[in-house]
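See below for the structure under consideration.
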Amino acid sequence: GQKTWRQDVDEQGSEHEAEAIRSVAAELVTKPEAFAEGLPWLMTEDAERRSLLFRELGKQDRGERLLEPVLEGSGGRFWAEAVAAYFQGWHEAEPEAAARSLDTLIASRPDLSSGTLAATIYLPTSSETPSRVRRIADHGRISRLEVAREIGLGLGWERLSASEAENLI
């Protein structure tokens, strides 16, 4: 059917916003020092489009310059969301590289468990998902109840086979 004026305006506004976010991300990828300077603010409630920006940063940066500063900022209310959005964007651009990096972090950095769990939930559910969740849970840095809550609310259960779902439960 035909679009109404309001839908047309909303779509144009969304595209304008997306273009602005792509532009800011492109600048931050080429100026990591500016990213590091703005990172504390990006982890606050005031950064309303934080998730969209981190997703675009992951897509453009692909683990090159900005991932380490994000990981170093561990903790805080919005940190895990930022890590997850970064990995989501990176996964869109380079699925295998993002998955390898996430697996390496899960294995080597249990202190980042809340971020790696959020990233696991944000990525498309795959046959690797149950193994990732189990390894994160085995670190013991996140309570089993919190892990259950996260996967219960965010995981794409419909994409898992019955046996994969059983392994998680």
Check: Gln60 and Leu66 side chains under 4.5 Å, non-hydrogen atoms: no

Flag side-chain contact, heavy atom, 4.5 Å: Ile106 against His139: yes

Under 3.5 Å: donor-acceptor pair, side chain of Thr116, backbone of Ser113: yes

Within residues 119-138 or reaching into it, pairs that qualify as ring-ring contact (aromatic ring centres under 6.0 Å, His included) - sequence neighbours excluded: none

Residue among Lys59, Arg62, Arg100 satisfying salt bridge (charged side-chain N to carboxylate O under 4.0 Å, His left out) with Glu94: Arg62

Pairs meeting criterion salt bridge (charged side-chain N to carboxylate O under 4.0 Å, His left out) with involvement of residues 111-124, two or more places apart: Arg109-Asp111

Verdict with reasoning, Arg141 to Ser114, per side chain to side chain contact (heavy atoms under 4.5 Å, CB included): CA-CA 8 Å; Arg141 300 289 180 106; Ser114 63; over 6 Å; no

Any side-chain heavy-atom pair of Trp90 and Pro95 under 4.5 Å: no

Side-chain donor-acceptor contact under 3.5 Å, Glu92 with Gln88: no

Nearest heavy atoms of Thr125 and Thr129, plus distance in Å: CA-OG1, 3.5 Å

Heavy-atom closest pair, residues Arg132 and Asp103: NE-OD1, 2.7 Å

Straight-line distance of Leu53 CG to Ile21 CD1, nearest 0.5 Å: 6.5 Å

Side chain Glu164, main chain Ser161, donor-acceptor under 3.5 Å: yes

All side-chain contact (heavy atoms from CB on, under 4.5 Å) counterparts of Thr44, not counting sequence neighbours: Trp41, Asp46

Atom pair CZ (Arg55) and CG (Leu57), whose distance is rounded to the nearest 0.5 Å: 12.5 Å

With a 3.5 Å cut-off and sequence neighbours excluded, list the donor-acceptor pairs that the side chains of residues 148-157 form with protein atoms.
from	atom 1	to	atom 2	distance (Å)
Arg149	NE	Glu146	OE1	3.3
Arg149	NH2	Glu146	OE2	3.0
Trp157	NE1	Ile151	O	3.0

CA sep, side-chain torsions, deciding dist, call: Ser101, Leu67, side chain to side chain contact (heavy atoms under 4.5 Å, CB included): CA-CA 10 Å; Ser101 179; Leu67 178 59; 4.0 Å; yes

Closest non-hydrogen atom pair, Ser126 against Leu160: O-CD2, 3.7 Å

Can you give the donor-acceptor pairs under 3.5 Å from side chains of residues 75-87 to other protein atoms, not counting sequence neighbours?
from	atom 1	to	atom 2	distance (Å)
Arg77	NH1	Glu45	OE1	2.8
Trp79	NE1	Val70	O	2.8
Tyr86	OH	Asp61	OD2	2.4
Tyr86	OH	Gly63	N	2.7

Side-chain ion pair, Arg22 and Glu15, N-O less than 4.0 Å: yes

Contact summary for Ser74 and Leu112, nearest pair of heavy atoms: CB-CD2, 4.0 Å

Glu48 atom CD: more than 12 heavy-atom contacts under 6.0 Å: no

Kindly list each side-chain donor-acceptor pair under 3.5 angstrom involving residues 23-39, sequence neighbours excluded, with atom names and distances?
from	atom 1	to	atom 2	distance (Å)
Thr30	OG1	Ala26	O	3.4
Thr30	OG1	Glu27	O	2.9

